[in-house]
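If you read the sequence from its start, that first residue is 1, and numbering goes on from there. Bear in mind that the values here come from a model prediction, so they are computed numbers and not experimental data.
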Amino acid sequence: MTDPTNRRRRSRLLTLGAVTGALALTAAGVGVAQAAATPPPLTFVAASTAVTAERYDYDGEIYLSLDLGLHVIAGKDPFEIWAKRAGYDKPITAERVVVQNGKKKKKVALPAGTVTDFYGLKDFTTISFTDESGARVAEYKTAFCGNSWGSARTRPDAPATNPYPTGCNGYNPFTLGAVWGVQAGWNAQVPDQPDYAPGKPSFDLAPGKYTATATVNPAYREMFGIPEGSATATVGVTVVNESAGGEAALAKARKAEPAAAPPAEGEHALHAGEGDASRQVSSYLPEFRAPAKRPATLKAVPSGGPKPDLKSLPAWGISLSDEGGKWYVNFGATVWNAGTSPLLVDGFRRTGTDLMDAYQYFFDAKGNQVGSKEAGTMEWDPREGHKHWHFTDFAQYNLLSSDQKLAVRSGKEAFCLANTDAVDYTIAGAKWRPENTSLETSCGADTVVAVREVLDIGNGDTYSQDRPGQSFEITDLPNGTYWIQVLANPEKKLAELSTTNNTALRQIILGGTPEARTLTVPPVHGLDG
């Protein structure tokens with residue numbers, strides 16, 4: 001089956017390519033002027049007055065590489081928003097963190113409806129296009145969160161580092177809390193294409209010349225103190241047909257994608273690819289490097305102090321597929337750390353084998369290591385789409401019958417830990433900018449003798465719908481109601497704050513005939529993920 005979100009990924013990532021060049025113009029053209037006077041809280045700018053948008057035909061589908069170079073620049077204080085929901089049946093509430101008297105921070109509630117999902121501030125920008133005759137050919141609104149892979153300093157007096165996450169992270173339907181921000185004196189890219197909707201074509205403009213007018217909507221201008229003269233940007237756009245054809249055209253269209261770009265909404269490519277020792281975080285960051293040898297003496301697990309707390313989100317992205325006459329239920333599963341300490345597991349290889357002994361480590365409130373325990377094993381997975389070390393005691397996926405008895409167990413039994421999803425960055429100690437965000441950063445190659453895998457506070461590890469061996473075969477199951485169970489720490493080999501919150505259930509209903517099975521997935525408190 002074709003995943004329509006792949007189209008959104010291509011469309012969104014194509015917008016990121018010209019960020020580096022745009023920022024150079026932003027820094028040169030805006031930074032000097034702002035350094036001379038106190039800047040406004042937020043400024044909206046276009047890095048260039050004219051851009052060329054490349055249009056690609058990929059097997060009859062059109063992709064537009066549009067980058068208008070729109071940016072928001074924070075003033076003397078950071079721009080920071082916290083968004084959170086108390087439960088899936090509760091609305092998302094949002095607060096802005098404001099700095100008072102130069103240092104004291106205060107949270108100010110934003111009006112209800114300002115944030116309705118975890119993609120950002122709703123309808124932040126209106127973007128319209130007119131053709132050479134002046135006729136309007138397109139108009140739409142885009143959200144804005146502030147977290148951006150392309151952020152950079154726009155004035156020399158700005159702080160040297162940016163603490164905020166690199167993406168909005170709204171693609172997991174069961175996200176609980178997010179932090180969005182623009183560092184003082186830094187920029188953030190403003191999305192310039194409409195959201196993709198399943199069943200609808202990607203945004204397109206015919207070859208020709210256009211004028212794009214982008215405006216921050218009045219409610220936000222007033223809310224955030226954006227000067228009226230700094231709330232609109234006009235950019236000339238020339239759309240050209242770049243090429244036609246298959247893979248070569250798409251490869252060229254995607255030539256400017258960042259190497260570590262985040263996944264688009266609904267898609268996870270983070271657990272895809274092969275282990276590569278030269279690309280491991282452990283190869284250049286000491287905190288991700290396992291010790292030279294396993295612990296000689298294990299200290300007792302601390303009775304108190306910080307510990308991880310593993311929680312499961314309901315299964316999501318659930319679909320039905322027919323493969324060679326066999327029926328499968330595919331699903332995405334996320335386990336996240338809601339505790340007070342990272343989950344840190346080191347694996348030490350048994351010489352000459354494809355097996356490692358795993359150890360969990362514990363830390364005090366200052367981050368000092370205070371204990372460790374044996375935590376099962378890690379094993380090398382040689383299959384295509386894996387080729388890395390899997391921790392064998394992290395999670396388990398079960399399909400339960402209507403009375404919640406085991407019907408089918410997933411073949412997915414081992415995991416490479418990576419911080420793929422920002423589940424709740426509003427909890428204390430959440431790590432907003434984790435380094436190990438994909439298997440390429442944390443799961444090792446077959447040539448290593450030790451591996452360190454980490455799941456940080458506030459972050460989740462998602463295995464997406466197409467992982468080998470993950471789906472449930474339901475060919476011979478009768479029609480009826482079933483439950484997908486995502487169970488963290490199934491054998492309780494990991495020490496955590498609580499093991500009473502490790503499971504999540506998601507209802508599904510199987511129907512149809514043996515030749516044409518059907519699947520119904522009821523929402524969770526209105527969430528259809």
Among residues at least two apart in sequence or on other chains, which ones pass side chain to side chain contact (heavy atoms under 4.5 Å, CB included) with Ser230?
Thr43, Pro227
Side chain to side chain contact (heavy atoms under 4.5 Å, CB included) with Gln507: which residues, sequence neighbours excluded?
Thr481, Trp483, Pro522
Answer with yes or no whether the side chains of Asn419 and Asp456 bring together a donor and an acceptor at under 3.5 Å.
yes
Listing request: all side chain to side chain donor-acceptor pair (under 3.5 Å) pairs with a residue in residues 76-89, at least two apart in sequence or in separate chains.
Glu80-Trp82, Glu80-Tyr164, Lys84-Asp424, Lys84-Thr426
Any donor-acceptor pair under 3.5 Å from Ser151 side chain to Asn187 backbone:
yes
Report yes or no: does Glu453 contribute a side-chain atom to a donor-acceptor pair with the main-chain N or O of Leu417 at less than 3.5 Å?
yes
Do Ser471 and Val329 pass the side-chain contact (heavy atoms from CB on, under 4.5 Å) test, and can you show the C-alpha distance, the side-chain angles, and the key distance before you say yes or no?
CA-CA 6 Å; Ser471 58; Val329 170; 5.9 Å; no
For Phe472, the ring-ring contact (aromatic ring centres under 6.0 Å, His included) test, sequence neighbours excluded, returns Phe331
Do Ile457 and Ile427 touch side chain to side chain, with heavy atoms closer than 4.5 Å?
yes
Find out whether Glu242 and Ser65 are in side-chain contact, i.e. whether some heavy atom of one side chain is under 4.5 Å from a heavy atom of the other.
no
List the residues meeting ring-ring contact (aromatic ring centres under 6.0 Å, His included) with Phe129, not counting sequence neighbours, and say none if there are none.
Phe203
Spell out, as yes or no, whether a donor-acceptor pair under 3.5 Å connects the side chain of Asp461 to the backbone of Leu455.
no
Under the salt bridge (charged side-chain N to carboxylate O under 4.0 Å, His left out) definition, can you give me all pairs with a residue in residues 133-148, not counting sequence neighbours?
Arg136-Glu139
All heavy atoms of Ala315 vs all of Arg506, minimum pair found to be O-NH1, 2.8 Å
Applied to residues 215-234, the salt bridge (charged side-chain N to carboxylate O under 4.0 Å, His left out) test, sequence neighbours excluded, yields none
Do Gln189 and Asp67 make a side-chain contact, defined as non-hydrogen atoms from C-beta onward lying under 4.5 Å apart?
yes
With distance as the sole test, does Gln470 use its side chain to make a donor-acceptor pair with the main-chain N or O of Tyr463 at under 3.5 Å?
yes
Quick one, Leu510 and Trp327 - any side-chain contact, counting heavy atoms below 4.5 Å?
no
Between Gly185 and Arg155, the two heavy atoms sitting closest are CA-NH1, 3.2 Å
Among Thr215, Thr232, Asn217, Thr213, which residue satisfies the side-chain hydrogen bond (donor to acceptor under 3.5 Å, both in side chains) criterion with Thr126?
Asn217
Phe44: partners by ring-ring contact (aromatic ring centres under 6.0 Å, His included), with sequence neighbours left out:
none
Can you confirm whether the side chains of Asp421 and Thr334 place a donor and an acceptor under 3.5 Å from each other?
no
Using a 3.5 Å distance criterion without hydrogens, assess whether the side chain of Trp186 forms a donor-acceptor pair with backbone atoms of Ala158.
no
So do the side chains of Arg433 and Asn162 get within less than 4.5 Å of each other, counting heavy atoms only?
yes
Donor-acceptor contact present, side-chain Gln193 to main-chain Leu64, <3.5 Å
yes
If a pair satisfies disulfide bond (SG atoms under 2.5 Å apart) and one of its residues is in residues 115-171, list it, with sequence neighbours excluded.
Cys145-Cys168
Within the side chain of Arg55, is there an N or O that forms a donor-acceptor pair under 3.5 Å with the backbone of Val239?
no
Ser133 meets the side chain to side chain contact (heavy atoms under 4.5 Å, CB included) criterion, sequence neighbours left out, with Asp131, Ala135
Within the side chain of Thr211, is there an N or O that forms a donor-acceptor pair under 3.5 Å with the backbone of Gly236?
no
Pick from Trp180, Tyr119, Phe144: which one makes a ring pair (Phe, Tyr, Trp, His ring centres under 6.0 Å) with Phe124?
Phe144
Taking Tyr397 for the side chain and Gly332 for the main chain, is one N or O donor matched with an acceptor at less than 3.5 Å?
no
Which pairs pass side chain to side chain donor-acceptor pair (under 3.5 Å) with one or both residues in residues 517-529, sequence neighbours excluded?
Asn479-Arg517
Locate the shortest heavy-atom distance separating Ala184 from Pro159; write the atom from each residue and the value.
O-CD, 3.1 Å
Close side-chain approach of Leu68 to Ile127, heavy-atom, < 4.5 Å
yes
How would you list, by chain and number, every residue that makes a side chain to side chain contact (heavy atoms under 4.5 Å, CB included) with Thr49, sequence neighbours excluded?
none
Using side-chain heavy atoms (C-beta onward) and a distance below 4.5 Å, is Asn172 in contact with Thr420?
no
